[in-house]
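Counting begins at 1 with the first residue of the sequence.
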Amino acid sequence: AENTAASQAIVPLIAGSYLVAAPGRVEPASEEIRINAPVIGLLKEVLVKEGDRVKRGDVLARVESEDYEANAAKADAELRLSEAELRRVLNGAREAERRAARAAVEEATAVEKNAASELERQRKLQERHVASAAAVDQAEKQYAVAREQRKGAQGRYALVNDPARQEDVAIAQARVDAARAALDETRRELDKTVIRSPIDGTVLHAYLHPGELVSIYFDRPILSLGDLSKLYVRAEIDEADVAKVKPGLPAYVTAAAYGDERFPGRVIRVGQTLGKKKVYTDDPKERVDTKVLEVLIALDTPGPLRPGLPVNAFLMRPTAAQARAGR
């Protein structure tokens with residue numbers, strides 16, 4: 001075996017030939033997804049438990065929604081009010097108002113016609129010295145009044161029949177648009193009270209219970225999900241061994257809970273930069289200040305391993321066939 005000083009930290013070592021040994025941790029294909037509530041409120045119900053399988057879009061939990069429902073109902077009423085105002089502007093006066101205005105014109109026209117006839121009669125009588133000048137003046141005044149009343153009635157009739165002004169329509173339409181946008185926003189907020197699964201996966205952990213506060217202002221996930229259809233191991237390669245590592249290397253992992261059982265896989269990604277250790281073994285001699293390079297190992301089958309489980313990862317030399325294939 002090509003054991004390095006770094007390899008000695010792996011406990012227990014499995015007999016056999018390997019290129020690099022490193023501690024690692026199992027994670028789901030999607031990594032662990034923490035599900036938070038995008039609104040503020042009390043958690044109403046959690047509909048799943050740890051270990052449940054869920055589909056994308058499934059409802060996982062609900063937040064108390066009474067306030068959000070009230071806001072949406074108010075916004076809906078304001079939209080209907082603004083739409084009614086727009087219709088009123090577009091339609092103008094009601095038909096009854098139009099009929100009344102038309103009748104007023106007809107009545108004023110008839111009064112004016114009678115006043116004109118009376119004025120003509122009084123003038124003829126004056127010519128025969130039968131009517132006095134005062135009677136003619138009175139008839140002229142009555143005719144003038146009737147004429148102005150007819151003009152006023154015609155003006156009112158024209159007003160109720162005129163189309164809406166463009167600026168009035170624009171203002172009413174803008175109010176409708178603003179009300180519709182407000183309603184859409186309240187509905188989006190209401191929809192956020194229903195927490196849905198973003199992936200097909202498994203509930204890994206439930207953190208909160210009904211009655212607890214959820215908020216966008218602090219990180220308190222309701223639960224976490226992961227795709228367990230395929231598992232990965234994130235291993236940390238000691239800086240002394242980084243030159244030996246490349247994508248495609250065959251690998252296997254072991255876990256203390258499963259004895260000598262090996263879970264095969266393959267290196268699919270090698271980190272680009274060294275960083276601090278995040279996974280530690282139980283060896284008291286293990287260096288904690290060393291730099292490590294993360295590599296990602298895809299396991300061939302999910303098997304019995306669970307996300308978060310610490311494992312020992314062993315990277316091996318490729319077989320001759322694998323080397324020829326460029327793996």
Peer 1: Quick one: does R306's side chain have a donor or acceptor within less than 3.5 Å of a partner on P304's backbone?
Peer 2: yes
Peer 1: Which pair of heavy atoms, one from A22 and one from I237, lies closest together, and at what distance?
Peer 2: CB-CD1, 3.6 Å
Peer 1: Counting heavy atoms not belonging to R147, are there more than 12 under 6.0 Å from its CZ?
Peer 2: yes
Peer 1: Give me the atom names and distance for the closest heavy-atom approach of I222 to A61.
Peer 2: CG2-CB, 4.3 Å
Peer 1: Tell me, do L190 and E69 make a side-chain contact under 4.5 Å, heavy atoms counted?
Peer 2: yes
Peer 1: Same hydrophobic cluster for L228 and V233, using side-chain heavy-atom links shorter than 4.5 Å among ILVMFWY?
Peer 2: yes
Peer 1: Could you go through V311 and T254, starting from their C-alpha distance and side-chain angles, then the distance that decides it, and tell me whether this counts as side chain to side chain contact (heavy atoms under 4.5 Å, CB included)?
Peer 2: CA-CA 6 Å; V311 295; T254 64; over 6 Å; no
Peer 1: Taking K55 first and then D58, would you say they form a salt bridge - that is, a charged N and a carboxylate O separated by under 4.0 Å?
Peer 2: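 No, this pair does not count.
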Peer 1: Near K230 NZ, under 6.0 Å, is it more than 12 heavy atoms from other residues, nucleotides or ligands?
Peer 2: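 More than 12 heavy atoms, drawn from other residues, nucleotides or ligands, come within 6.0 Å of this atom.
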Peer 1: Which distance, rounded to the nearest 0.5 Å, do you find between the CD of E78 and the CZ of R80?
Peer 2: 10.5 Å
Peer 1: I'd like to check V203 versus L225 (side-chain heavy atoms, cut-off strictly below 4.5 Å). Are they in contact?
Peer 2: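 Answer yes - side chains close enough.
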Peer 1: Report the C-alpha separation of L315 and I297 in whole Å, then their side-chain angles, then the decisive distance to 0.1 Å, and conclude whether the side chain to side chain contact (heavy atoms under 4.5 Å, CB included) test is met.
Peer 2: CA-CA 9 Å; L315 279 59; I297 300 169; 4.0 Å; yes
Peer 1: Go through the steps for R269 and R234 under the test side chain to side chain contact (heavy atoms under 4.5 Å, CB included), then give the verdict.
Peer 2: CA-CA 10 Å; R269 189 165 71 231; R234 194 174 297 273; 4.0 Å; yes
Peer 1: Report the relative orientation of the aromatic rings in F263 and Y258; use parallel for angles under 30°, tilted for 30 to 60°, perpendicular for over 60°.
Peer 2: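 The rings of F263 and Y258 stand perpendicular, inter-plane angle above 60°.
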Peer 1: Is there a side-chain contact between I35 and P198 in this structure, where contact means two heavy atoms from C-beta onward sitting under 4.5 Å apart?
Peer 2: yes
Peer 1: For residues L47 and L60, determine if any side-chain heavy atom of one lies less than 4.5 Å from a side-chain heavy atom of the other.
Peer 2: no
Peer 1: State, yes or no, whether a side-chain contact exists between R266 and P250 at a heavy-atom distance under 4.5 Å.
Peer 2: no
Peer 1: Kindly work out whether a path of hydrophobic side-chain contacts (I/L/V/M/F/W/Y, heavy atoms less than 4.5 Å apart) joins V169 to V176.
Peer 2: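 Yes; tracing contacts between hydrophobic side chains, which count when under 4.5 Å, links both residues.
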Peer 1: Please report the interatomic distance CG(L299) to OH(Y232), rounded to the nearest 0.5 Å.
Peer 2: 9.5 Å
Peer 1: Do you reckon I33 sits in the same ILVMFWY cluster as V54, going by side-chain contacts under 4.5 Å, direct or chained?
Peer 2: yes
Peer 1: Should V242 and L19 be regarded as members of a common hydrophobic cluster, given that ILVMFWY residues are connected when their side-chain heavy atoms come within less than 4.5 Å of each other, either directly or indirectly?
Peer 2: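 They do share one cluster, since a chain of ILVMFWY contacts under 4.5 Å joins V242 to L19.
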Peer 1: Ignoring hydrogens, what is the shortest heavy-atom contact between S82 and A179? Give both atom names and the distance.
Peer 2: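 Between these two residues, the closest heavy atoms are OG-CB, 3.5 Å.
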Peer 1: For the CD atom on E212, are there more than 12 heavy atoms of other groups (residues, nucleotides or ligands in this structure) within a distance under 6.0 Å?
Peer 2: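 Yes.
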Peer 1: Under 3.5 Å, side chain of D227 to main-chain N/O of P28, donor-acceptor pair present?
Peer 2: no
Peer 1: Does E45, at its CD atom, have more than 12 non-hydrogen atoms belonging to other residues, nucleotides or ligands within less than 6.0 Å?
Peer 2: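 Atom CD in E45 is packed in, count exceeds 12.
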Peer 1: Is L42 close to L213 at the side-chain level, that is, under 4.5 Å between some pair of heavy atoms?
Peer 2: yes
Peer 1: Is there a donor-acceptor contact under 3.5 Å linking the side chains of E118 and N114?
Peer 2: no
Peer 1: Between R123 and E140, does any NZ, NE, NH1 or NH2 come within less than 4.0 Å of an OD or OE carboxylate oxygen?
Peer 2: yes
Peer 1: Looking at E189 and K192, does any basic side-chain N land under 4.0 Å from a carboxylate oxygen?
Peer 2: yes
Peer 1: Can V267 be reached from L274 by stepping across I, L, V, M, F, W or Y side chains whose heavy atoms are under 4.5 Å apart?
Peer 2: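 Shared cluster, yes.
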Peer 1: Is there a side-chain contact between L305 and V253 in this structure, where contact means two heavy atoms from C-beta onward sitting under 4.5 Å apart?
Peer 2: yes
Peer 1: I'd like to know if the side chain of S132 and the backbone of A135 have a donor-acceptor N/O pair within less than 3.5 Å.
Peer 2: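 Yes, the answer is positive, given that a donor and an acceptor are paired below the 3.5 Å cut-off.
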Peer 1: Give a yes or no on whether a salt bridge exists between K49 and D52, defined as a side-chain N under 4.0 angstrom from a carboxylate O.
Peer 2: yes
Peer 1: How many angstroms lie between CG in L86 and CZ in R175, if you round to the nearest 0.5 Å?
Peer 2: 11.0 Å
Peer 1: Is any side-chain N of the basic residue among D184 and R180 closer than 4.0 Å to the acidic one's carboxylate O?
Peer 2: no
Peer 1: To the nearest 0.5 Å, what is the distance between CG (L223) and OH (Y207)?
Peer 2: 9.0 Å
Peer 1: Only one of V111, T109, V145 clears side chain to side chain contact (heavy atoms under 4.5 Å, CB included) with R150; which?
Peer 2: T109
Peer 1: Would the number of heavy atoms belonging to other residues, nucleotides or ligands and lying under 6.0 Å from CG of D67 be above 12?
Peer 2: no
Peer 1: Counting only heavy atoms from other residues, nucleotides and ligands, does the tally under 6.0 Å from CD of E167 exceed 12?
Peer 2: yes
Peer 1: Is a side-chain N or O of R220 found less than 3.5 angstrom from the main chain of V214, in a donor-acceptor match?
Peer 2: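 Here the side-chain-to-backbone pair does not exist.
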Peer 1: I want to check something: taking the side chain as every heavy atom from C-beta on, are L208 and V46 in contact at a cut-off of under 4.5 Å?
Peer 2: no
Peer 1: Evaluate the side chain to side chain contact (heavy atoms under 4.5 Å, CB included) criterion for residues I216 and I40: first the C-alpha distance (whole Å), next the side-chain angles of each, then the deciding distance (0.1 Å), finally the verdict.
Peer 2: CA-CA 6 Å; I216 59 176; I40 301 172; 4.2 Å; yes
Peer 1: Atom CG of L43 and atom CD of E64: how far apart are they, to the nearest 0.5 Å?
Peer 2: 8.5 Å
